[in-house]
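Residue numbers start from 1 in every chain, and the chains themselves are labelled A, B, ... in the order their sequence lines are given, proteins ahead of strands.
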Number of protein chains: 2
Amino acid sequence: MPRGFGRGNWHGRFRGCGYRWTIARQSVLDVLGKATRHLSAEDIYMQMHKVNPGVGLTTIYRTLELLVQMGIVIKSDFGEGRARYEMAEGPKGLNHHHHLICTGCGKVIDYTDFIDDEVELLQRTEKGLSKKYNFKISNHLIQFYGLCQVCKNK
Amino acid sequence: MPRGFGRGNWHGRFRGCGYRWTIARQSVLDVLGKATRHLSAEDIYMQMHKVNPGVGLTTIYRTLELLVQMGIVIKSDFGEGRARYEMAEGPKGLNHHHHLICTGCGKVIDYTDFIDDEVELLQRTEKGLSKKYNFKISNHLIQFYGLCQVCKNK
DNA sequence: ATATTAATGAAAATCATTTTCATTAATATG
DNA sequence: CATATTAATGAAAATGATTTTCATTAATAT
């Protein structure tokens, strides 16, 4: 198998959509593919800078927009004032998780240890919604807001 | 019952936390209390401007931050580049809804007619999480990403 | 009535993101 | 392989929401 044409065959996928395959795009996908958590545009920029110092932040923003548009990457907003990105490998992806966000202090708890019912119900919900709205659902963002133990008792 | 001391008894609640009760704060709560959908800081500013033209946008931001911190208001971010606010009357609130977001064209479908599985999913999950993480959950944000009917067939 | 100090308005500062525009480089074509 | 085409890029400027600064105002305690 030719180098770089594994798993996603990104080059082919880009060309198929009429887009060019560039160092910058490859590099963004490399960084995101290795990430174990959601990355901001600047996180990506800093990691990439070590390997490809020539790629600017603007290009990263543009690349991310494209990747989101192609459905390869998911953009999330956790209310920090900046967006975060992750590969859209679907809800089964290694780093997929939901959030508990404290409205008091802003603390965010990522949790991946879903309760059994949660997984099954979610599947059924996605199936139901797909049918009802004729949507091909590929991912989801689930966040619960409230007060953490500390803020609750103030 | 004295005027202005109904439901929330805001004045008392503010004083209890050591905060002063001001026209601006009352006015933000008035606007949010009457709203039928999530409002941006500027939405609030414009509505308030008709009644209290003296209150500036800065104060609205400061007031909203305080209200969120007190757990009276929920701040949400739908990825539009600006935050939206609503009273934290809980997920049963009139204007509560979930989103289906197309990663192809950006179209957003709000839906309120939750399917049974979805309601059950949320109830069980919220209960489980509250216990597990000692959180007082007051709201949630649920978004499903995928391709809409049109983008799916391209 | 007055003192104290939290709350405010206006303007400036910040910070993530987007736009502009001239340059570069990926691909198609000869 | 050389060259033309035009998408992709970088740098700098622009944008727009939100935050900070600082002098002034007003809510509360005395």
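- Considering only residues two or more places apart in sequence or on other chains, R124(A) meets the salt bridge (Lys or Arg N to Asp or Glu O under 4.0 Å) condition with E120(A), D117(B).
- Residues passing the salt bridge (Lys or Arg N to Asp or Glu O under 4.0 Å) test with K127(A), sequence neighbours excluded: none.
- Partners of Y85(A) according to the side chain to side chain donor-acceptor pair (under 3.5 Å) rule, which considers only residues two or more places apart in sequence or in another chain, do not exist here.
- Rounded to an integer number of Å, the gap from I60(A) CD1 to dA8(D) P is 16 Å.
- As rounded to whole Å, 16 Å separates atom C1' of dT18(C) from atom CD of E42(A).
- Of the residues in residues 48-56 of chain B, those lying under 4.0 Å from DNA chain C by heavy-atom distance are G54(B), V55(B), G56(B).
- Residues in residues 41-55 of chain B take part in these side-chain hydrogen bond (donor to acceptor under 3.5 Å, both in side chains) pairs, two or more places apart or across chains: S27(B)-N52(B), S40(B)-D43(B), D43(B)-R84(B).
- Following rounding to the nearest Å, L64(A) (CG) and dT18(C) (P) show an atom-to-atom distance of 10 Å.
- Under the side chain to side chain donor-acceptor pair (under 3.5 Å) criterion, D30(A) pairs with no residue, sequence neighbours left out.
- Going from atom OH of Y45(B) over to atom P of dA17(D) covers 13 Å, rounded to whole Å.
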Report each atom pair, protein N/O against N/O of nucleotides 19-21 of chain D, whose distance is under 3.5 angstrom.
| from | atom 1 | to | atom 2 | distance (Å) |
| --- | --- | --- | --- | --- |
| dT21(D) | O4 | R62(B) | NH1 | 3.4 |

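- Nucleotide dT18(D) holds its C1' atom 15 Å from the CZ atom of R84(B), rounded to whole Å.
- L66(A) has its CG atom 13 Å from the P atom of dT18(C), to the nearest Å.
- Summarising the geometry, atom CD belonging to Q26(A) is positioned 8.5 Å from atom OG1 belonging to T22(A); distances are rounded to the nearest 0.5 Å.
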Report task. Take nucleotides 25-30 of chain D nucleotide by nucleotide from the 5' end and write B, S or -, depending on whether a protein heavy atom sits under 4.0 Å from the base, only from the sugar-phosphate, or from neither. Result -> -BBSS-

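- Here dG10(D) presents its P atom at 11 Å from CZ of R25(A), a figure rounded to the nearest Å.
- With 3.5 Å as the limit, one finds a donor-acceptor pair spanning the side chains of H140(B) and E126(B).
- Residues that satisfy the ring-ring contact (aromatic ring centres under 6.0 Å, His included) test with F14(B), not counting sequence neighbours, are W21(B).
- Within the structure, salt bridge (charged side-chain N to carboxylate O under 4.0 Å, His left out) pairs that include any residue of residues 132-149 of chain A comprise K132(A)-D113(B) (at least two apart or interchain).
- A side-chain donor-acceptor contact under 3.5 Å links R15(A) to the backbone of Y19(A).
- The shortest distance between the side-chain N/O atoms of R82(B) and the OP1/OP2 oxygens of dT18(D) is not below 4.0 Å.
- With sequence neighbours left out, Y111(B) forms a ring-ring contact (aromatic ring centres under 6.0 Å, His included) with Y133(A), H98(B), F114(B).
- Remark: DNA chain D forms stems of 3 or more consecutive Watson-Crick or G-U wobble pairs, all pair distances under 3.5 Å, at C:1-30 with D:1-30.
- The backbone N or O of V55(B) sits nowhere less than 3.5 Å from a side-chain atom of T59(B) that would complete a donor-acceptor pair.
- Atoms OH and NZ, from Y145(A) and K75(B) in turn, are 10.0 Å apart once rounded to the nearest 0.5 Å.
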